[in-house]
Amino acid sequence: MKVKPVNHAKAAEAFIEDTAHMDFHDERLWDLRQKRDGQMHILPEWQELRARASAIKEHTLANLPEYLEQFEANAKKNGIHVHWAADGAEHNRIVGEILEKHGAKSLIKSKSMVTEECCMREYLEPRGVVVTETDLGERIQQLDNQMPSHIVVPAVHKLIPDVAKIFAEHYHTDPNDNSAQSLAWQQRLAARPVILSADAGMTGGNFVVAETGSFVVCTNEGNADLSATVPGLHIATIGIERLVPRMADMGVFIRLLSRSALGSPITQYTTHFRGPQKGSEMHVVLVDNGRSHRLGMEDFWTSLKCIRCGACMNTCPVYRRSGGLSYGAVYSGPIGAIIDPTFNERKYSTLPFASTMNGSCTNVCPVKINIHEQLYKWRRVLAEHHELPFVKREVMHMAGKLMGQPTLYRAAINGTEVALSTMPRFVLYNWLNPWGKHRELPHPVKQTFHSWYKQNRLKTKKKEGESA
Amino acid sequence: MSTSRDAILTRLRDNRPDPKAHPLPPVARLGDMDNGQARFENSLQILGGQVLERQEGDTLATAIARRFPDSKVICSAVPDFEGTIRIEELGTPQQAASVDVLVVRSPFGIAEMGSIYLSEAQLQDLNSAAHLTQHIVVILSAKNLTANMHTAYMDRPEFHTANYGVLMSGPSATADIQGVLIRGAQGVRTLSVWWED
Ligand code: SF4
């Protein structure tokens, strides 16, 4: 049976129609982007940091087998159990076996995109393990039965009343609570007893240091450190691309990560795990799940440099206005659009079209991934491999809806009828561009778009002016 | 023995780009080299941490009593301060969860970030205590400030020796609900630095 491609445009449409949610989402992520810019301007060495980060990552990927072996040897020396998982199923089996050996029935975990990739909760829960997400945003998503909509801020598409409703249902709190402060406090109160009685803890890992056999976890809420240090068993699930050669390389990455992600200089917690705590056990599961295959894709291997900061999502006009869930994939936004097709080319064939190709993602990426060029290359690949009618419809639909401008929509359709004969040139062509060129690019924009922009963006602009 | 291990490594060897085309750059020592107390305090404040106020005639005990008047369990992880209980007396994380204020000494801070470092050496092997306590007071010497993340990773031996090493930069925080920044999420609700010189 053929999988159906994700209908991003249709999902995005629903999101766009809910004005309150979309406006908040758009403004909140743009605010993160601006805070990131503020941090960048403070550091004269910013571009040098990016160049170094990129070079270190490319070197590491080109020498990945050796660095993985070095990490494994050092980690074992430090007393860490190291496991290798070829795919999600193997990862889940390994974790299940570790838990079973310890008779562990409750697992607390911090945010990890890799466990999302592996659908680990879905595997463990029928086997009698209660999995509790302890990151606030991730917990909200777990209770609401949704995937994270953003890799850094998983519930960014929700407003306070949404959270109040979810907490009321599960934590029996006031459904009309309209204070973020008090809702966050409810999460702390609900999580503490679960954390204190958990049998096992799980974290991800932002960086893995070959030289020391350590891994580094960057978080803000304190839940990852609680998950790792309270139970006597710590399992870390980490993608094999997360290596860096030397501890001294961490300076470059820590200086870039949180500044790019949230516009804060550093995460509140930067934790270095080099071995088990006294009396505890530590396991690292190194997960491939398609990464070794991606390394061989000439045009796309550099996507493995990604440090999952989310900056490309925050800056992307399509992502900001369509919401992460509309991508129907674990990874959304520009980075999702270039890696999701490597998991399932047909299912995610529409995602590389969810872009205006304005290049903003590439400009903000701290490890200098040429994201918009990879989007372009994916369009070519997909146009060659898949049925064009769907792709064509998708792009049309998206243009019309996202631009919110019927005249332009019609013009776009008319304009492309001609270009269609020269597929795949048309899909590479950027008549979506006017929509993306709002604040990011200095070029003059088309009048029709301009009037739309003025009408729609006035509110945000005023706000920016006030704070300037 | 893991067959997946070998399969993954083989696939990586077959698929990787040419290593010769991607040399390892030398270690970077970049940025502002100011390791002063003023820079540290400014960074600390940006991340939501504070300096514990020292009034005329204050000891650490009087300063804590003034800052945390309602606290009952004050736990000490340092030899030169008493508190109401010593960290060694807390046998388990469950007991550590009752602590209101934990007093601990940090071997170094990072001026660029306002971060302080703690490992199992300072936490007497009860690492969870640093996160289960409601508030943390960190004793720090201005002599032990390093300028930035590069100098920290290059010069501090702890990153190569500790099994558990955390850089705490202010208290725990979240902005996961409608972007509202909340200081005091699931870990410590406040973090205060006490200058010891
Ligand atoms: S692709 Fe670049 S900008 Fe996007 S999440 Fe990854 S590192 Fe960040």
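Below, read A as the first sequence line, B as the second, and so on, with proteins coming before strands; counting in each chain starts at 1.
A pairwise comparison of heavy atoms in Ala248(A) and Val27(B) identifies CB-CG1, 3.6 Å as the closest pair. A pairwise comparison of heavy atoms in Arg188(A) and Ala185(B) identifies NH1-O, 3.0 Å as the closest pair. In this structure, Arg246(A) and Pro25(B) approach most closely via the heavy-atom pair NH2-O, 2.7 Å.
Of the atoms belonging to Pro265(A), heavy atoms from both backbone and side chain fall under 4.5 Å from chain B. Interface remark: Pro23(B) contributes backbone atoms only to the contact with chain A (heavy atom separation under 4.5 Å). There is no contact between Asp155(B) and chain A, counting heavy-atom distances below 4.5 Å. Only the side chain of Leu68(A) comes within less than 4.5 Å of a heavy atom of chain B; its backbone N, CA, C and O stay farther away. Contact annotation for Ala173(B): both backbone and side-chain heavy atoms come within less than 4.5 Å of a heavy atom of chain A. In this structure, chain B has a heavy atom under 4.5 Å from the backbone of Ala85(A), while its side chain stays farther away. Only the side chain of Ile240(A) comes within less than 4.5 Å of a heavy atom of chain B; its backbone N, CA, C and O stay farther away. Only the backbone of Thr267(A) comes within less than 4.5 Å of a heavy atom in chain B; its side chain stays farther off. Using a 4.5 Å cut-off between heavy atoms, Arg259(A) contacts chain B through its side chain alone, with no backbone atom that close. Of the atoms belonging to Ala96(B), not a single heavy atom falls under 4.5 Å from chain A. Using a 4.5 Å cut-off between heavy atoms, Gln94(B) touches chain A through backbone and side chain atoms alike. Using a 4.5 Å cut-off between heavy atoms, Phe273(A) contacts chain B through both its backbone and its side chain. For Pro44(A), no part lies near chain B; criterion is any non-hydrogen pair under 4.5 Å. Thr10(B) does not touch chain A: none of its heavy atoms, backbone or side chain, sits under 4.5 Å away. Interface residue Ile140(A): only side-chain heavy atoms are found under 4.5 Å from chain B.
Annotation: Glu298(A), atom CD; neighbour count of heavy atoms from other residues, nucleotides and ligands within 6.0 Å does not exceed 12. Dense packing is recorded around CD of Glu69(A), with more than 12 heavy atoms of other residues, nucleotides or ligands lying under 6.0 Å away. For His81(A), the NE2 atom counts as densely surrounded, since its 6.0 Å shell holds more than 12 non-hydrogen atoms of other residues, nucleotides or ligands.
In terms of non-hydrogen atom pairs under 4.5 Å with chain A, the most contact-rich of Val166(B), Leu47(B), Leu24(B), Leu9(B) is Leu24(B). The choice from Val188(B), Asn15(B), Asp14(B) that makes the most heavy-atom pairs within less than 4.5 Å of chain A is Asn15(B). Of the residues considered (Ala55(A), Ser214(A), Gly279(A), Ser197(A)), Ala55(A) shows the highest number of contacts with chain B, using heavy-atom pairs under 4.5 Å. Note on Leu49(A), Asn223(A), Val163(A), Asn63(A): by heavy-atom pairs under 4.5 Å with chain B, the leading option is Asn63(A). With chain A as partner, the option from Ile110(B), Asp125(B), Val180(B) having the largest number of non-hydrogen pairs under 4.5 angstrom is Asp125(B). Of the residues considered (Met168(B), Arg11(B), Met113(B)), Met113(B) shows the highest number of contacts with chain A, using heavy-atom pairs under 4.5 Å. Of the listed residues (Glu58(A), Arg255(A), Lys278(A)), the one with the most heavy-atom contacts under 4.5 Å to chain B is Arg255(A). Per-residue heavy-atom pair counts under 4.5 Å with chain B were compared for His150(A), Glu72(A), Met297(A), and the maximum is reached by Glu72(A). Ranked by non-hydrogen atom pairs under 4.5 Å with chain B, the options Leu159(A), Thr219(A), Leu64(A) are led by Leu159(A). For the options Leu262(A), Leu136(A), Thr212(A), heavy-atom pairs under 4.5 Å to chain B are most numerous at Leu136(A). When each of Met154(B), His131(B), Met149(B), Glu158(B) is checked for heavy-atom pairs under 4.5 Å with chain A, His131(B) comes out on top. Taking chain A as the reference chain and counting heavy-atom pairs below 4.5 Å, the highest number among Ala129(B), Ala152(B), Ser43(B), Ala175(B) is found for Ala175(B).
Glu90(A) and Ser4(B) share a side-chain donor-acceptor pair at under 3.5 Å.
In this structure, Gln186(B) contributes its side chain and Thr134(A) its backbone to a donor-acceptor pair below 3.5 Å. Using modelled atom types, no side-chain atom of Arg28(A) and backbone atom of Gln178(B) make a donor-acceptor pair closer than 3.5 Å. For Asn220(A) (side chain) and Thr174(B) (main-chain N/O), no donor-acceptor pair under 3.5 Å exists by modelled atom type. With Arg52(A) contributing its side chain and Pro26(B) its backbone, the two residues share a donor-acceptor pair below 3.5 Å. When atom types are taken as modelled, the side chain of His272(A) and the backbone of Phe159(B) share no donor-acceptor pair closer than 3.5 angstrom. Distance alone, capped at 3.5 Å, is enough to place a donor-acceptor pair between the Arg192(A) side chain and the Leu132(B) backbone.
Residues Glu211(A) and His160(B) have side chains in contact (heavy-atom distance under 4.5 Å, counting atoms from C-beta outward). Inter-residue side-chain proximity for Trp185(A) and Arg189(B) is flagged as met; some heavy-atom pair is nearer than 4.5 Å. Counting heavy atoms from C-beta on, the side chains of Arg274(A) and Tyr164(B) never come closer than 4.5 Å. Residues Thr270(A) and Ser115(B) are not in side-chain contact: their nearest non-hydrogen atoms beyond the backbone lie 4.5 Å or more apart. In this structure, the side chains of Leu191(B) and Gln268(A) stay at 4.5 Å or more apart for every pair of heavy atoms. A heavy-atom distance below 4.5 Å is found between the side chains of Arg16(B) and Glu66(A). The side-chain heavy atoms of Glu120(B) and Gln277(A), taken from C-beta on, include no pair separated by under 4.5 Å. A 4.5 Å side-chain heavy-atom check between Leu286(A) and Ile8(B) finds every atom pair outside the cut-off.
One finds the CD1 atom of Ile177(B) at 5.5 Å from the CZ atom of Phe167(A) (value rounded to the nearest 0.5 Å). Taken from CD1 in Ile182(B) to CD in Glu221(A), the straight-line distance is 9.5 Å, to the nearest 0.5 Å. If you take CG on Leu196(A) and OG1 on Thr92(B), they are separated by 9.0 Å, rounding to the nearest 0.5 Å. To the nearest 0.5 angstrom, Ile254(A) atom CD1 is 8.0 Å from Leu167(B) atom CG. The line from OG1 of Thr229(A) to CG of Leu126(B) is 8.0 Å long, rounded to the nearest 0.5 Å.
Of the residues listed (Val153(A), Val156(A), Val152(A)), the one engaging Asp176(B) in a side chain to side chain contact (heavy atoms under 4.5 Å, CB included) is Val153(A), and it is the only one.
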